[in-house]
Amino acid sequence: MKKSTGYLMLRDPRNTKGTVFNKSERRKYKLEGLLPDGIETIDKQIQRVQGQLKQIELPIHKYIYLSNLLDINETLFFHTIISDPATFLPLVYTPTVGEACEKFGHIARRPRGLFISIKNKNRIETLLKNWPVKDIRFIVVTDGQRILGLGDLGICGIGIPIGKLALYTSCAGVPPEYTLPIVLDAGTDNEKFLNDPLYPGLRQKRLKGKAYDDFIGAFVKAVTKVFPKVCIQWEDFAGVNAIRILEKYRDKVCTFNDDVQGTAAIAVAGFIAVSRLLNKPFKEQRFLFLGAGAAAFGIADMLVKKFQKDGLSKEEAYKRCWMFDVNGLLVKSRTDLADHQLPFAHDSEPSNDFASSILKIKPTAIIGVSTVGGAFTQQVIENMSSINERPIIFPYSNPTSHSECTAEQAYSWSKGKAIFASGSPFAPLTYNGKTFTPGQGNNVFIFPALGLAIYSTEAKRVTDEMLLTASEAVAEQITEEDFAKGLIYPPVKNIREVSINVAVKVAEEIFRSGLARIKKPKNIRKFIKSKMYEPVYK
Ligand code: NAD
């Protein structure tokens, strides 16, 4: 885009520096008189931002302030986030973004991103060309049907692609000018929204079946035509649509689904880290899932790939993954299983008792993806502790009230022996005089770095190998000091450094598999760093 001057330049979020413009710039760009005389540094501007944020009590109001800052001064926004990721990420993304989406129709100020409705199905190319940047490399798109754990929020779900892309830039330096948040308006079944005069989307029930699939098809075709180097990240689609869309397009275009693949990658990173902590080969782990739905399959699939990578046959790999669902243990004799569940159904007696199945199967790790809060009972944790010196307990169900157990329960029922990580956050706690910091499987260690590697190498596809490489790279970065605190994921404050290291490894994999559109540079790390956006005034 052409750089403006004068009054318009001050209002151009990508090119303004506000009070940081120096004397000669003010003269050159005709800014004299439009700014107070004082010339400041970006640190002074951040001090002002932090001062104002301190005065604001509610996270949602801080979110609105920060969204406004992004609209006014992009560099200052990203500089602020990077100055303290652990504080700011929860304000620009989860959990605050959930409330922001629910209230979008009421708090929206300036529209951001693209809104593509079914009414424009045959004009998607035209809409995409209305975007001012011609070389978009990263799109995060949602249809708003399953926003976090909040259900169908229609086009109010746009907050998720916006927030997620802010994380790509903040955490891994994917340049913001190459990113584009999109919401597909396929209607909504949210009655509250349909009756809300301030709901800004289509007032019709959700499109289903072939008409929906055709809409997605038209979107993918138009996007890949207008932006040929783009990667499409699907976000917060309802489970069945998510998996169908991913399967349909993953071998045809550069695309991935973070809910399915990013979640699996971060969970597997945790298990690889635990193997390091315990000094035990990964292939000696054995997993028992409580829950055999979409999340279980995403994680189990990647575990199988990791086992194979570490030398096991596919059959041996499956035998190390067991599942238990609402009808009990998945065993060969069951007649109610879906095709994709069959490889995880083993030769064994049926059982409806999870705690006693533990004694029989002898898993090293249990993973809760059942949505049933409290399902890891005292008996479950005690049985895990009786067969493992360090039982691995991962209750991954969200939100906190659905967590299969709390951190406190895991540590106290295992007498401090458990290695714990959860889907929802738990605060550090003390048991028997020792402080434990519960790990949280947070995809933020995976997708921004993956995005940086894809953007830098202009990758043609996103493969399972790339995701598994990202898992391994995250797990490598946990230090002995982190382990001593009970952490099995790196601290969020180190996110940028971690992301660079992960991106380098993923980029190596992209070059190895011949999926890069560019020539391999001599020094990949240097190259990746040179591609990163730094929020500094130029
Ligand atoms: P799903 O509905 O596809 O699957 C739920 C599974 O749990 C089913 O197999 C069901 O049979 C089983 N189940 C239900 N009640 C049970 C019971 N009483 N005993 C044993 N099994 C029971 O859901 P999903 O998409 O797989 O998600 C499951 C959970 O995982 C959700 O709470 C979700 O928030 C969480 N999740 C977390 C993350 C993360 O990053 N932490 C990512 C994805 C999903």
Side-chain angles (χ1 to χ4, degrees), residues 93-95 98 145-151 160 164 167 234-244 246 256-271 288-303 321-331 334 336-342 344-345 350-358 361 366-377 379-380 393-405 407 420-426 438-447 467 470-471 474 488-489:
Y93 201 60
T94 52
Q145 190 168 4
R146 202 236 62 202
I147 295 297
L148 307 171
L150 304 167
I160 297 291
K164 200 123 195 186
L167 264 51
W234 310 97
E235 181 76 22
D236 283 359
F237 283 70
V240 278
N241 291 339
I243 290 172
R244 194 180 62 256
L246 181 64
F256 73 104
N257 181 309
D258 189 56
D259 305 311
V260 180
Q261 295 163 288
T263 299
I266 196 64
V268 172
F271 294 123
L288 173 60
F289 289 79
L290 185 72
F297 280 94
I299 299 170
D301 252 11
M302 197 159 284
L303 287 173
C321 298
W322 290 70
M323 290 188 185
F324 199 101
D325 72 1
V326 69
N327 295 320
L329 192 63
L330 268 61
V331 291
R334 272 179 62 172
D336 60 336
L337 301 178
D339 281 354
H340 62 283
Q341 291 178 311
L342 294 176
F344 299 99
S351 166
N352 283 312
D353 181 348
F354 186 67
S356 61
S357 291
I358 288 175
I361 295 163
I366 52 173
I367 306 156
V369 273
S370 65
T371 72
V372 183
F376 289 170
T377 58
Q379 190 67 59
V380 164
I393 313 289
F394 273 30
Y396 255 49
S397 288
N398 292 318
T400 315
S401 59
H402 291 214
S403 188
E404 282 78 4
C405 68
F420 178 91
S422 52
S424 299
F426 285 98
Q440 189 195 353
N442 190 339
N443 304 12
V444 82
F445 288 111
I446 301 284
F447 68 81
L467 282 141
S471 297
V474 170
I488 55 160
Y489 293 109

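Numbering of residues begins at 1 and proceeds along the displayed sequence. Counting starts at 1 for both ligands and their atoms, in listed order.
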Nearest protein heavy-atom contact for [atom]: which residue, which atom, what distance?
atom                    : value
atom 23 (O) of ligand 1 : T371 CG2, 4.4 Å
atom 14 (C) of ligand 1 : S370 O, 3.5 Å
atom 9 (O) of ligand 1  : A292 N, 2.8 Å
atom 12 (C) of ligand 1 : G291 CA, 3.8 Å
atom 22 (C) of ligand 1 : V326 N, 3.5 Å
atom 27 (O) of ligand 1 : A295 CB, 3.9 Å

Have a look at [options] and point out the one with the heavy atom closest to [atom].
atom                    : options                : answer
atom 3 (O) of ligand 1  : A294, A338, A296, G423 : A294
atom 39 (C) of ligand 1 : N398, I243, I367       : N398
atom 43 (C) of ligand 1 : V240, L330, T263       : T263

Does an N or O anywhere in [X] fall below 3.5 Å from an N or O of ligand 1?
X    : result
V372 : no
Y396 : yes
L290 : no

message = Can you tell me how the ring of Y489 sits relative to the ring of F445, calling it parallel under 30°, perpendicular over 60° and tilted otherwise?
response =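 Answer is parallel, since the angle falls under 30°.
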inquiry  = Classify the ring geometry of F394 against Y396: parallel below 30°, tilted from 30° to 60°, perpendicular beyond 60°.
reply    =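 Correct class here is parallel.
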inquiry  = Tell me whether T377 contacts the main-chain N or O of V380 through its side chain, where contact means a donor paired with an acceptor under 3.5 Å.
reply    =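 A pair under 3.5 Å: yes.
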query = Distance-only, no hydrogens or angles: does the R244 side chain make a donor-acceptor pair with backbone N or O of L246 under 3.5 Å?
reply =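 It does not hold such a pair.
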query = Where do S397 and E404 come nearest, in terms of heavy atoms and distance?
reply =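 Taking S397 first and E404 second, the nearest heavy atoms are OG-OE2, 2.7 Å.
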inquiry  = Quick test of your reading of the model: are D325 and R334 salt-bridged, counting only N-O distances below 4.0 Å?
reply    =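 Between R334 and D325 there is a salt bridge, with a charged N closer than 4.0 Å to a carboxylate O.
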request  = Answer yes or no: is there a side-chain heavy-atom contact under 4.5 Å between F426 and T400?
outcome  =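 Touching, per the 4.5 Å side-chain cut-off.
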ask   = Can the ring centroids of F344 and F297 be said to lie less than 6.0 angstrom from one another?
value =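 Between F297 and F344, which both carry aromatic rings, the centre distance is below 6.0 Å.
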